[in-house]
Novice: 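Sharing a structure here in structure tokens format.
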Amino acid sequence: MNKIEKYLTSVDKRQKYLIYLLIFGSIFYIFFQMMMPLKQNIDTLQSQIKELQVKLSNNSLGKLKRQKNLKKKELFLLETEKEKQKEDINHLIAKLYQLKYAFYDKKEWAKSIDDILRYSLVRNLKIEYLKSFDAKDMVSSGLLKQKGTLEISGSGNYTDIVSFVSYIDNLNALLQFENMQIKLADHGLKFKLIIDMYGIGL
């Protein structure tokens with residue numbers, strides 16, 4: 001897990017999003033591919049067992065009993081396999097929850113905002129305003145859900161602004177720059193950043 005986490009923190013953000021999507025997409029694909037046929041087989045076997053029970057009074061009891069016992073055995077094996085696959089899937093999901101930064105945490109988000117403000121002071125940037133709001137009314141599809149948006153406006157010199165943007169981009173969070181503007185001002189440059197915060201939603 002440590003190697004995975006080190007790799008995830010070193011790759012590009014877009015690659016990181018793609019990795020998370022591939023992992024979760026694979027798990028859900030495997031889940032449906034395995035569980036749905038098993039459920040259909042179980043339903044079919046249960047129906048066959050009921051039919052055999054009805055025929056017991058009109059046919060050879062010995063033969064039908066053997067068929068019934070065989071079907072029950074098959075049903076038991078399928079149910080056992082189904083339970084094992086459920087356990088495997090739950091184990092995989094538990095492992096995914098151990099991946100850092102994959103799931104949205106309001107406390108971590110607040111800490112990230114605090115870190116951003118502190119770094120703006122280090123780079124001598126003048127922050128005009130910083131707005132953070134949830135993405136409750138925004139529609140998200142797929143496993144990756146938009147959780148919030150951060151808007152920052154300020155001014156400073158070009159080198160400090162670039163360093164500031166790079167710092168935010170390398171935060172341990174699933175972030176994406178939605179919009180970035182840099183304009184000439186009377187004293188240096190003005191900038192405006194709109195950053196979306198994401199988290200995986202199962």
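The shown structure was predicted, so the numbers you read here are calculated from the model rather than taken from an experiment.
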Novice: Taking atom OG1 of Thr80 and atom NZ of Lys82, what is their separation to the nearest 0.5 Å?
Specialist: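 Answer rounded to 0.5 Å: 11.5 Å.
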Novice: Could you tell me the separation between the CD atom of Gln181 and the NZ atom of Lys190, rounded to the nearest 0.5 Å?
Specialist: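 The CD atom of Gln181 sits 10.5 Å away from the NZ atom of Lys190.
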Novice: What is the distance from atom CE of Met197 to atom CZ of Phe133, rounded to the nearest 0.5 Å?
Specialist: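 Here the interatomic distance stands at 14.0 Å.
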Novice: Can you name the residues that form a salt bridge (charged side-chain N to carboxylate O under 4.0 Å, His left out) with Lys183, not counting sequence neighbours?
Specialist: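 Salt bridge (charged side-chain N to carboxylate O under 4.0 Å, His left out) list for Lys183, sorted by chain: empty.
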Novice: Got Tyr129 and Glu151 here, is their nearest side-chain heavy-atom distance under 4.5 Å?
Specialist: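 Counting from C-beta outward, Tyr129 and Glu151 do come under 4.5 Å.
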Novice: Taking all heavy atoms of Tyr198 and all of Lys147, pick out the closest pair and write down the distance.
Specialist: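 Nearest pair, atom of Tyr198 first, then Lys147: C-CG, 4.1 Å.
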Novice: Output the distance between atom NZ (Lys131) and atom CD1 (Ile113), rounded to the nearest 0.5 Å.
Specialist: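 If we round to the nearest 0.5 Å, Lys131:NZ and Ile113:CD1 are 13.5 Å apart.
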Novice: Is Ile152 reachable from Ile194 through a run of I, L, V, M, F, W or Y residues, each pair having side-chain heavy atoms under 4.5 Å apart?
Specialist: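 No, Ile194 and Ile152 fall in different hydrophobic clusters.
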Novice: Walk me through whether Asp169 and Phe164 qualify under side-chain contact (heavy atoms from CB on, under 4.5 Å).
Specialist: CA-CA 9 Å; Asp169 191 45; Phe164 184 61; over 6 Å; no
Novice: Leu150 versus Asp196: any side-chain heavy-atom pair under 4.5 Å?
Specialist: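 Sidechains of Asp196 and Leu150: no contact.
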Novice: Any heavy-atom pair between the side chains of Leu189 and Ile161 that's under 4.5 Å?
Specialist: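 Heavy-atom side-chain distance check passes, below 4.5 Å.
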Novice: Could you tell me if the side chain of Phe177 sits less than 4.5 Å from the side chain of Leu193, heavy atoms only?
Specialist: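 When only atoms from C-beta onward are counted, Phe177 and Leu193 do touch, with a gap below 4.5 Å.
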Novice: For Ile49, check side-chain contact (heavy atoms from CB on, under 4.5 Å) against everything at least two apart and list the hits.
Specialist: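 If we apply the side-chain contact (heavy atoms from CB on, under 4.5 Å) test to Ile49, skipping adjacent residues, the hits are Gln53, Lys71, Lys72, Leu75.
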Novice: Distance check, rounded to the nearest 0.5 Å: Ser155 atom OG versus Lys126 atom NZ?
Specialist: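 Spacing of OG (Ser155) from NZ (Lys126) equals 6.0 Å.
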Novice: Between Ser166 and Val162, is there a donor-acceptor pair closer than 3.5 Å when you use the side chain of the first and the backbone of the second?
Specialist: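 Absent.
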Novice: Donor-acceptor pairs under 3.5 angstrom involving side-chain atoms of residues 116-124: please list them, not counting sequence neighbours.
Specialist:
| from | atom 1 | to | atom 2 | distance (Å) |
| --- | --- | --- | --- | --- |
| Arg118 | NE | Asp114 | OD2 | 2.8 |
| Tyr119 | OH | Ser163 | OG | 2.7 |
| Ser120 | OG | Leu117 | O | 2.5 |
| Arg123 | NE | Asp160 | OD1 | 3.0 |
| Arg123 | NH2 | Asp160 | OD1 | 2.8 |

Novice: Show your working on side-chain contact (heavy atoms from CB on, under 4.5 Å) between Gln176 and Ile195 and close with a plain yes or no.
Specialist: CA-CA 6 Å; Gln176 180 175 341; Ile195 306 154; over 6 Å; no
Novice: How long is the straight-line distance from CG of Leu78 back to NZ of Lys73, given to the nearest 0.5 Å?
Specialist: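 The NZ atom of Lys73 sits 12.5 Å away from the CG atom of Leu78.
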